[in-house]
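Down below is the structure, laid out as structure tokens.
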Amino acid sequence: MIVKVNQLVKRYGDLVAIDHLNFDVKEGEIFGLLGPNGSGKTTTINCLLSLLKYDKGEIELFGKSMTPEAYDLKRNIGIVLQNVAVFDELTVYENIDYFCGLYVSDKAKRKTLVEEAIDFVGLEDYKRFYPKKLSGGLLRRLNIACGIAHQPKLIILDEPTVAVDPQSRNKILEGIQELNRRGATIIYTSHYMEEVEQICTRIMILDKGRVVATGTKEQLKNMISVGEKITVEAYHPTPSQIEAITALPNIIGVENSGNQIVIRSAGGKNNLENVLETLKREQLSYGKIYSELPTLNDVFLEITGKELRD
Amino acid sequence: MFLHLYKYRIKTLLRERTLVFWTILFPIILATFFKVALGGIGQATSFSAIPVAVVEDVATPSQEALIKTLQTLSQGEGALFEVTFTDRAGALKLIDDKAVSGAIIPGEPNELVVFKSGLNQSILKNFLEQYEQSAKLIEGVYMTHPENIEAVIAKLNQDQVFLNQLPITDKDISGMQIYFYGLIAMSCLYGSLYGLEEVNRIQANLSPTAARMNLPPVHKMKLFMASTFASMTVHFAGLMILLLYIIFGLGIQFGDSLGYIVLVILFGSMLGVAFGAFVSSIFKKSEGIKIGVVLLVSMTGAFLAGMMIAETKYYIAQNAPIVAKLNPANLLSDALYSIYYYDSMAPYWSSLLSIMAYTVVFGVATYFIIRRRKYASL
């Protein structure tokens, strides 16, 4: 087990930021911490890193208790903070070299690691640039390079794609998956469910400092009653046609807005096929038709009664 | 590791333009202004003979004696007066033309005519009063004890000193150095800006970069010490540049006390950095507010230490000696002034020890505040 958190409690005065949190992260996982802003993701990370005092609980990394002086553990951890944390007065190369140097003393080895990190995040053309000259996306990439240059076994990324353009975001997400393929265990926090769904092998959903659900994305989606959502562009269906769709097996709801029918199913198989057959049988002409599987937002919505981005 | 941290901190500091301006360039600019504004201060203290008109209407022996005395005092290299002998109308015209500081009209009693009050006029008045007192004394002795008259005259000749320049030290130094000492002391305290930043760099609850600095497997105090050492190096180098500029660029001579000044600068730089670190660690406010506090304390300290108005220093020393003793700026100025004022180095070493003690107190207090490894909130 790379990370083990047991009964973690963190209070800010009367506010309980983390409420008896339990979770573990296995070697080789990309473990996602998903939750809305203020759900306790960053607080959890700061407790893991021994930056924050916590009121109760135990944290173990690599099987040992994590403390500020646990240098043998810290050596194996790479952290990419939510806010960009680099020195404006140092160039891209110097920043990476500086932070890498806090982990790796050997100059020759460090040079190789820094070059590799620069290549990895795609900043080869910006080595001599100062951070102020970089765009938001490039700055985020530099932030990541500073955190991973020493090739740690555990990498913690706290919302690394906030305010990043789609191109850079994809680059970052691909990079994280590549780091994982190279052997690093990843803890990834985000409030973007699509990102977490895209890269994480296991996900823990947090709300108000509590664990809402934990599992793979498939396991999480199976926890809820909502299954497939089928949307049909149809012009003024008759009540009998709507009734025929509603009568199909697994269908839990049909909404008709005049030119669009939204059909919600409760899991099960052949739902789309059944709907198509019914449309044909009822001689209902339709335009586009598409099917969506439930999202993590649906999971969050069903469990907490509110949207993930509320 | 230490070298790695030290090297990069030096690079970072030298690229921080605002810091470089305030701690290195600004004192140099100020020194240049000092030189321009105070350039004539050495010449202004040299004495010039006082131009005086003397009415040469000799009617009595006492009037003749006065004229002879004036003639004696207007001769030679160190002449007190530059006498123009004329008649009454001529003397008054010279006064009207402001060609002389005053006119002496021998008579019973002797008259002094001036067109304004001032140093020269005061010397003239003082001379005339002393002359008349002496004359009366001689006359009295002559009437009562004529056998003692020669001894009395000899004694009076000894005492007749109207202007004498007394050196307060045998060191080769002039008055203008005091202002530059003040500037150097103030620049030392500007080191507080470095100390302030060193703490900001390492307190995880102050910035994301500081938080990141708390994550690697390096002891926090090692990071702090390496970084602070780099700050002291840059600040001390800046102060040395200032000193060299004052000596070679502006031509101000510090005589044979240069080594002592360098020592004060070294410990003054350490005091400044330690003071800034202490302020930064004790105030849980934004960087801007901390800079404000540091500058306010430094400038107020500098003011109370007499770096802007020399008399303030003596006023505080007399009326609030505790403030004078506690004011770090005052300790620095005392150390520098003591080089100038005293032949003995005891006051210098005493001030230097106080500076060191202050540095240790600030350093230890900072250590106990920043050694905390975990934070209640970030």
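Since the structure is predicted, the reported quantities are computational estimates derived from the model, not experimental observations. Numbered from 1 within each chain, the chains take letters A, B, ... in sequence-line order.
Comparing A:Cys146, A:Gly78, A:Ala70 by how many heavy-atom pairs each has under 4.5 Å with chain B, the most go to A:Cys146. For the set B:Ser207, B:Ala210, B:Pro217, the count of heavy-atom pairs under 4.5 angstrom toward chain A peaks at B:Pro217.
For A:Asp72, no part sits under 4.5 Å from any heavy atom of chain B, backbone or side chain. Residue B:Leu14: no heavy atom, backbone or side chain, is found under 4.5 Å from chain A. A:Asp106 does not touch chain B: none of its heavy atoms, backbone or side chain, sits under 4.5 Å away.
Residue A:Phe87 forms a side-chain contact (heavy atoms from CB on, under 4.5 Å) with just one option from B:Glu16, B:Arg9, B:Arg15, B:Arg201, and that option is B:Arg201.
Residue-environment remark: CZ (A:Phe23) exceeds the threshold of 12 foreign heavy atoms within 6.0 Å. Counting heavy atoms of neighbouring residues, nucleotides and ligands inside a 6.0 Å radius, atom CD of A:Gln177 exceeds 12 of them. At most 12 non-hydrogen atoms from other residues, nucleotides or ligands lie less than 6.0 angstrom from CG of B:Leu3. Enclosure of atom NZ in A:Lys109 is not indicated, since only 12 or fewer non-hydrogen atoms of other residues, nucleotides or ligands lie within 6.0 angstrom. Atom NZ of B:Lys7 is surrounded by more than 12 heavy atoms from other residues, nucleotides or ligands within 6.0 Å. The environment of CD in A:Gln7 is crowded: more than 12 heavy-atom neighbours from other residues, nucleotides or ligands sit within 6.0 Å. Other residues, nucleotides and ligands place more than 12 heavy atoms under 6.0 Å from the CE atom of B:Met1. For B:Phe21, the CZ atom counts as densely surrounded, since its 6.0 Å shell holds more than 12 non-hydrogen atoms of other residues, nucleotides or ligands.
The CG atom of A:Leu102 sits 10.0 Å away from atom CZ of B:Arg212, with the distance rounded to the nearest 0.5 Å. Atom OG1 in B:Thr209 sits 9.0 Å away from atom CG in A:Asn143 (nearest 0.5 Å). To the nearest 0.5 angstrom, A:Tyr98 atom OH is 5.0 Å from B:Leu5 atom CG. Rounding to the nearest 0.5 angstrom, the gap separating the CG atom in B:Leu215 from the CG atom in A:Leu81 is 6.0 Å.
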Under the side chain to side chain contact (heavy atoms under 4.5 Å, CB included) rule, what do A:Arg110 and B:His4 come out as? Steps first, then yes or no, please. CA-CA 12 Å; A:Arg110 196 166 73 230; B:His4 174 77; 3.3 Å; yes

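A donor-acceptor pair is defined here as one N or O able to donate and one able to accept, closer than 3.5 Å; no such pair exists between the side chain of A:Lys74 and the backbone of B:Val218.
Using a 4.0 Å cut-off between charged nitrogen and carboxylate oxygen, A:Glu89 and B:Lys11 do not count as a salt-bridge pair.
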